[in-house]
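Below you'll find the structure, written out as C-alpha cells, and then a few comments.
Bear in mind that the values here come from a model prediction, so they are computed numbers and not experimental data. All values below were derived from every heavy atom in this structure, side-chain atoms included, with hydrogens, water molecules and symmetry-related copies excluded.
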Amino acid sequence: MTKQERATRTRRSLIRSAAVVFEQHGYAQARLTLISSGAGVSTGALHFHFENKAAVAEAVVVEASRELREMSGAIRRRTDTALQALVDSSHALAERLREDPVSRAGFRLSCDAAGTAALDLRVQWHHRVRELLDEAAAAGTLADDVSREDAAAATVAATAGFEVLGRHDPGWLSPYTHTGFWQLLLPRLAAAETLPLLDPAGTGATSSPRIPAPAAGGTDEAEAAAGVASEEVASAAVAEVD
C-alpha cells in the first residue's frame, strides 16, 4: 500500500469512527481521543487530516451528502420513471439510516439546531424530491391536479419525521413503514395510467451497496499525497486539541 493509499484509508476510517462517536455521545460530548482510537490511529494522525472537532463533523456531513446524492442518481439511472425513482430513493435512504452510521450522524449533525455543518441534508433531500417530481410532471406521470410544492413538502416532512423517530425506534425506518406511506400517497400523486406501474414497496433498484469514495486523484487524495509525510510526523508530535 502506498503512502497516499494509507492516508486515504486513514481519513475514511476517521470519518466512520467519528460518525459512531457523534451518534453515541452527541457533538458536544464527543472526544477526539475516542474518534482516533476508534479508527486505530493516534490523535496526531487525526490532526493531520482535521484541524479540530468541527472539521471532523463537517467531513461526516460531506460524506453523507455525497452518498445521498450518488445513491439517488444511481437509482434514477436504473429506474423507468421518476415517481418510482422517488419511491425507491426514499426506501434506500431509510435503509442507509438503519444500517450506515455515517448517514445517521450526517443527518443529525447537519439538521439539529446545535449542528455546526454548513450543509443541511434535509434541504438536499428536499431539492432531490422536487427534481424528481418536476421530472414526473414533465413526463405526464404526475396527476394533473397535484401541486409539486405540496407533494414535495409532504414527502420530505414524512421522511424527515421517520429519520428523527427512527433514532429511538428503528421500526420507523422499516420497509413496512415506508411502503405504507407510499401506498397512501401514490394514488394521490400518480396519473391514473401510471399508478398500476408503480411499486410502493420499491423495486430492486432500492438495494445499493455502500458507495465508495471518489477515485484516486480527487480532492482528498490530492491533499493526502501532497502532505502524507506530515501525517507520520504529526502522529508523534501533535497533542490533542479538543
Measure the spacing between CZ of Arg6 and CZ of Arg9 and express it to the nearest 0.5 Å. 10.5 Å

Taking Leu142 as the starting point, is it possible to reach Leu184 by hopping between hydrophobic residues whose side chains are less than 4.5 Å apart? no

Carefully, step by step, assess Leu32 and Phe50 under the rule side-chain contact (heavy atoms from CB on, under 4.5 Å). CA-CA 10 Å; Leu32 294 182; Phe50 304 106; over 6 Å; no

By side chain to side chain contact (heavy atoms under 4.5 Å, CB included), which residues pair with Ala82, not counting sequence neighbours? Arg76, Leu132, Glu135, Ala136

Do Phe107 and Val164 have side chains that approach each other closer than 4.5 Å (heavy atoms only, starting at C-beta)? no

Any side-chain donor-acceptor pair under 3.5 Å between Ser13 and Thr10? no

Where is the tightest heavy-atom contact between Ala45 and His49, given as atom of each residue plus distance? O-CD2, 3.3 Å

Give me the atom names and distance for the closest heavy-atom approach of Val87 to Gly202. CG1-N, 4.2 Å

Under 3.5 Å donor-acceptor, Ser174 side chain and Gly171 backbone: yes

So, the side chain of Arg104 versus the backbone of Arg98: is there a donor-acceptor pair under 3.5 Å, distance only? yes

Quick check for you: to the nearest 0.5 Å, what is the distance between Ser17 atom OG and Arg12 atom CZ? 16.0 Å

Please evaluate residues Phe181 and Ser90 with respect to the criterion side-chain contact (heavy atoms from CB on, under 4.5 Å), reporting the C-alpha separation (whole Å), side-chain torsions for both, the decisive distance (0.1 Å), and the verdict. CA-CA 10 Å; Phe181 168 71; Ser90 78; 5.8 Å; no

Is it the case that atom CZ in Arg167 sees more than 12 heavy atoms from other parts of the structure closer than 6.0 Å? yes

Under the side-chain contact (heavy atoms from CB on, under 4.5 Å) test against Leu133, which residue among Asp150, Leu83, Val146 passes? Leu83

Salt bridge (Lys or Arg N to Asp or Glu O under 4.0 Å): which pairs involve residues 168-182, sequence neighbours left out? none

State whether Arg122 and Glu163 are salt-bridged, where the test is any N-O pair (Lys NZ or Arg NE/NH1/NH2 against Asp/Glu carboxylate O) under 4.0 Å. yes

May I have the list of side-chain donor-acceptor pairs in residues 185-200 shorter than 3.5 Å, sequence neighbours left out?
unit_1 : atom_1 : unit_2 : atom_2 : d
Arg188 : NH1    : Asp145 : OD1    : 3.2
Asp199 : OD1    : Ala201 : N      : 2.9

Those residues at least two apart in sequence (or on a different chain) that pass salt bridge (Lys or Arg N to Asp or Glu O under 4.0 Å) with Glu131 are Arg128

If I compare all heavy atoms of Val21 with all of Ala30, which pair ends up nearest, and what's the gap? CG1-CB, 3.7 Å

Can you find a pair of side-chain heavy atoms, one from Leu68 and one from Ser103, that are under 4.5 Å apart? no

Please determine, by modelled atom types, if Gln84 and Thr79 share a side-chain donor-acceptor pair under 3.5 angstrom. no

I need the minimum non-hydrogen distance between Ile75 and Ala85, along with the two atoms involved. CG2-O, 4.0 Å

Measure the spacing between CG of Leu119 and OG of Ser110 and express it to the nearest 0.5 Å. 7.5 Å

Would you check, one step at a time, whether the test side-chain contact (heavy atoms from CB on, under 4.5 Å) holds for Asp120 with Cys111? CA-CA 6 Å; Asp120 187 327; Cys111 302; 3.6 Å; yes

Any chance you could measure Thr159, atom OG1, to His91, atom NE2, to the nearest 0.5 Å? 11.5 Å

Using every non-hydrogen atom in the two residues, find where Ala92 and Met71 come nearest and quote the distance to one decimal. CB-SD, 3.5 Å

I'd like to check the ring pair (Phe, Tyr, Trp, His ring centres under 6.0 Å) partners of Phe162; sequence neighbours left out, ordered by chain and number. His178

Electrostatic pair Asp134-Arg130, nearest N-O below 4.0 angstrom: yes

Between CZ on residue Arg11 and CZ on residue Phe48, distance to nearest 0.5 Å: 9.5 Å

Going only through I, L, V, M, F, W and Y residues with side-chain contacts under 4.5 Å, is there a path from Val20 to Val41? no

With a 3.5 Å distance limit and no angle check, can you tell me whether Thr177 reaches the backbone of Leu173 through a side-chain donor-acceptor pair? no

Under the ring pair (Phe, Tyr, Trp, His ring centres under 6.0 Å) test, residues paired with Phe22 that sit two or more places apart: Tyr27

Using side-chain contact (heavy atoms from CB on, under 4.5 Å), reason through Leu14 and Val56 one step at a time and then give a plain yes or no. CA-CA 8 Å; Leu14 284 166; Val56 182; 6.0 Å; no

State plainly whether the residues Asp88 and Arg78 are in salt-bridge range, i.e. N to O under 4.0 Å. no

Can you tell whether the side chains of Arg96 and Glu67 come within less than 4.0 Å, N to carboxylate O? yes

Glu70/Arg66 ion pair, N-O < 4.0 Å: yes

Between Ser72 and Ser89, the two heavy atoms sitting closest are OG-OG, 3.4 Å

